[in-house]
Amino acid sequence: MKTIILSLALLTGATAAVQAQSTTGGGTRFGLKVGVVAATLAGDDKDFQGDVQNRFGFQAGITTTTTLGVGGLFELHPELLYSQRGYQIEDVSKTTFHNLDLPLLARLNAAGFVVEVGPQVGYLFGRKTKFDDSAQEDITGRDQLNKLQFGYIVGVGYQLESGPNVGIRYNRSITKLYDGDAALPGGNKIYNSVFQFQLGFAFPGGK
């Protein structure tokens with residue numbers, strides 16, 4: 001709960017800051033977003049449990065977009081998202097991570113075509129590993145996992161002036177999935193790697 005409140009405060013603060021910077025720009029638009037994610041693991045040690053494969057998940061949240069400067073070309077775009085990540089090992093298990101993510105993106109908007117890049121901080125608040133062998137109990141603990149995760153996002157999309165938008169992103173963590181106390185065979189160079197396919201709507205904003 002403290003993390004959710006902190007994330008909301010950060011989003012509010014970022015929005016207020018960019019509103020103060022946008023007095024010569026095009027104002028701020030709030031929006032909603034949903035999407036599908038294709039998640040897996042990256043890094044030299046990602047296959048320590050077996051051959052890691054993609055796992056599909058869900059994403060949804062709220063967004064703000066503030067135009068900076070004259071001409072509407074540059075934008076600041078913070079979001080607050082519930083995101084699923086994870087991976088699966090064929091014929092062994094499926095793992096889903098539940099995250100609260102706060103991306104802070106710089107965007108170039110050229111007549112609706114959007115290019116975006118920026119950092120993301122996330123909090124891992126839930127985990128479930130389900131085994132194909134029903135005799136094995138599900139794993140729900142987050143022990144040895146890094147709960148606070150930093151990463152980056154790069155993406156492209158298209159924003160209609162009337163509100164609808166679509167986007168494709170790549171998100172990778174720079175924080176290792178497991179903490180330094182995790183005793184893993186081979187090593188600990190394991191990171192989240194996610195492709196995101198998103199649909200959204202930006203409500204009309206003030207000018």
Side-chain angles (χ1 to χ4, degrees), residues 1-8 10-11 32-63 79-103 119-155 157 166-200:
M1 179 61 69
K2 290 181 179 179
T3 302
I4 295 173
I5 293 172
L6 177 60
S7 298
L8 287 170
L10 288 171
L11 182 66
L32 301 174
K33 176 170 289 188
V34 296
V36 175
V37 303
T40 187
L41 300 179
D44 294 343
D45 305 313
K46 66 183 180 66
D47 293 319
F48 76 98
Q49 295 176 309
D51 184 23
V52 170
Q53 299 179 351
N54 284 333
R55 177 153 176 73
F56 291 97
F58 174 74
Q59 183 178 66
I62 58 176
T63 70
E79 300 177 346
L80 183 61
L81 304 171
Y82 162 72
S83 299
Q84 293 180 340
R85 290 193 274 275
Y87 61 96
Q88 67 180 19
I89 301 173
E90 187 174 8
D91 299 325
V92 177
S93 65
K94 299 178 179 65
T95 296
T96 301
F97 300 122
H98 303 277
N99 301 267
L100 187 67
D101 292 332
L102 182 65
Q120 173 178 282
V121 59
Y123 180 73
L124 172 65
F125 67 86
R127 174 263 185 99
K128 183 175 182 180
T129 297
K130 185 176 182 62
F131 293 94
D132 291 3
D133 182 357
S134 59
Q136 292 186 263
E137 293 186 3
D138 296 347
I139 299 175
T140 57
R142 296 175 295 154
D143 296 342
Q144 298 187 327
L145 294 172
N146 280 314
K147 298 173 185 63
L148 188 63
Q149 301 175 352
F150 294 91
Y152 64 86
I153 287 175
V154 294
V166 62
I168 300 175
R169 292 176 176 174
Y170 176 69
N171 168 223
R172 175 165 167 160
S173 66
I174 57 177
T175 302
K176 293 177 180 178
L177 180 61
Y178 290 90
D179 64 29
D181 295 329
L184 304 179
N188 191 18
K189 293 180 180 179
I190 305 171
Y191 308 89
N192 284 303
S193 176
V194 186
F195 281 97
Q196 305 168 346
F197 309 90
Q198 302 171 327
L199 296 174

Query - ring pair (Phe, Tyr, Trp, His ring centres under 6.0 Å) partners for Phe195, two or more places apart - result: Tyr170

Report task. Mind checking side chain to side chain donor-acceptor pair (under 3.5 Å) for Gln88 and listing every partner two or more places apart, or none if nothing turns up? Result -> none

Query raised in the report: Does Asp45 reach the main-chain N or O of Asn188 with its side chain, forming a donor-acceptor pair under 3.5 Å?
Result: yes

Report summary line: Sorted by chain and residue number, the salt bridge (charged side-chain N to carboxylate O under 4.0 Å, His left out) partners of Lys46 (sequence neighbours excluded) come out as none

Report task. Go through the structure and list residues passing side chain to side chain donor-acceptor pair (under 3.5 Å) with Gln59, not counting sequence neighbours. Result -> Ser83, Gln198

Return all side-chain donor-acceptor pairs below 3.5 angstrom for residues 49-58, not counting sequence neighbours, or 'none' if the list is empty.
from  : atom 1 : to    : atom 2 : distance (Å)
Gln49 : OE1    : Tyr87 : OH     : 2.9
Gln53 : NE2    : Glu90 : OE1    : 3.2
Arg55 : NE     : Thr96 : OG1    : 3.0
Arg55 : NH2    : Thr96 : OG1    : 3.3

Report task. With sequence neighbours excluded, tell me which residues meet side chain to side chain donor-acceptor pair (under 3.5 Å) with Thr129. Result -> Thr95, Arg127

Requested in this report: Compare all side-chain heavy atoms of Ile62 with those of Leu32 and state whether any distance is below 4.5 angstrom.
Outcome: yes

Report summary line: When rounded to the nearest 0.5 Å, the distance separating CG of Asn171 from CG of Asn192 is 8.0 Å

Query raised in the report: Is any side-chain heavy atom of Gln149 closer than 4.5 Å to a side-chain heavy atom of Arg85?
Result: yes

Query - Minimum heavy-atom distance Tyr191-Gly43, with the two atoms named - result: CD1-CA, 4.2 Å

Report task. Please name all residues satisfying side chain to side chain contact (heavy atoms under 4.5 Å, CB included) with Val166, sequence neighbours left out, ordered by chain then number. Result -> Tyr158, Leu199

Report summary line: Rounded to the nearest 0.5 Å, the CZ atom of Phe125 sits from the NE2 atom of His98 at a distance of 6.5 Å

Query raised in the report: By salt bridge (charged side-chain N to carboxylate O under 4.0 Å, His left out), which residues pair with Asp132, not counting sequence neighbours?
Result: Lys94

**Report entry** Pairs meeting criterion salt bridge (Lys or Arg N to Asp or Glu O under 4.0 Å) with involvement of residues 138-151, two or more places apart
**Finding:** Lys128-Asp138

Requested in this report: Please name the pair of heavy atoms, one in Pro103 and one in Gln120, separated by the smallest distance, quoted to 0.1 Å.
Outcome: CG-OE1, 3.5 Å

**Report entry** Any donor-acceptor pair under 3.5 Å from Asn99 side chain to Asp101 backbone
**Finding:** no

Query raised in the report: Would a 4.5 Å heavy-atom cut-off, applied to side chains only, mark Ile139 and Phe131 as touching?
Result: yes

Query raised in the report: About how many Å separate CZ of Phe48 and CD1 of Ile190, when rounded to the nearest 0.5 Å?
Result: 4.5 Å

Query raised in the report: Of all residues at least two apart in sequence or in a different chain, which pass the side chain to side chain donor-acceptor pair (under 3.5 Å) check with Tyr152?
Result: none

Report task. Without swapping roles, check the side chain of Asn146 against the backbone of Lys176 for a donor-acceptor pair under 3.5 Å. Result -> yes

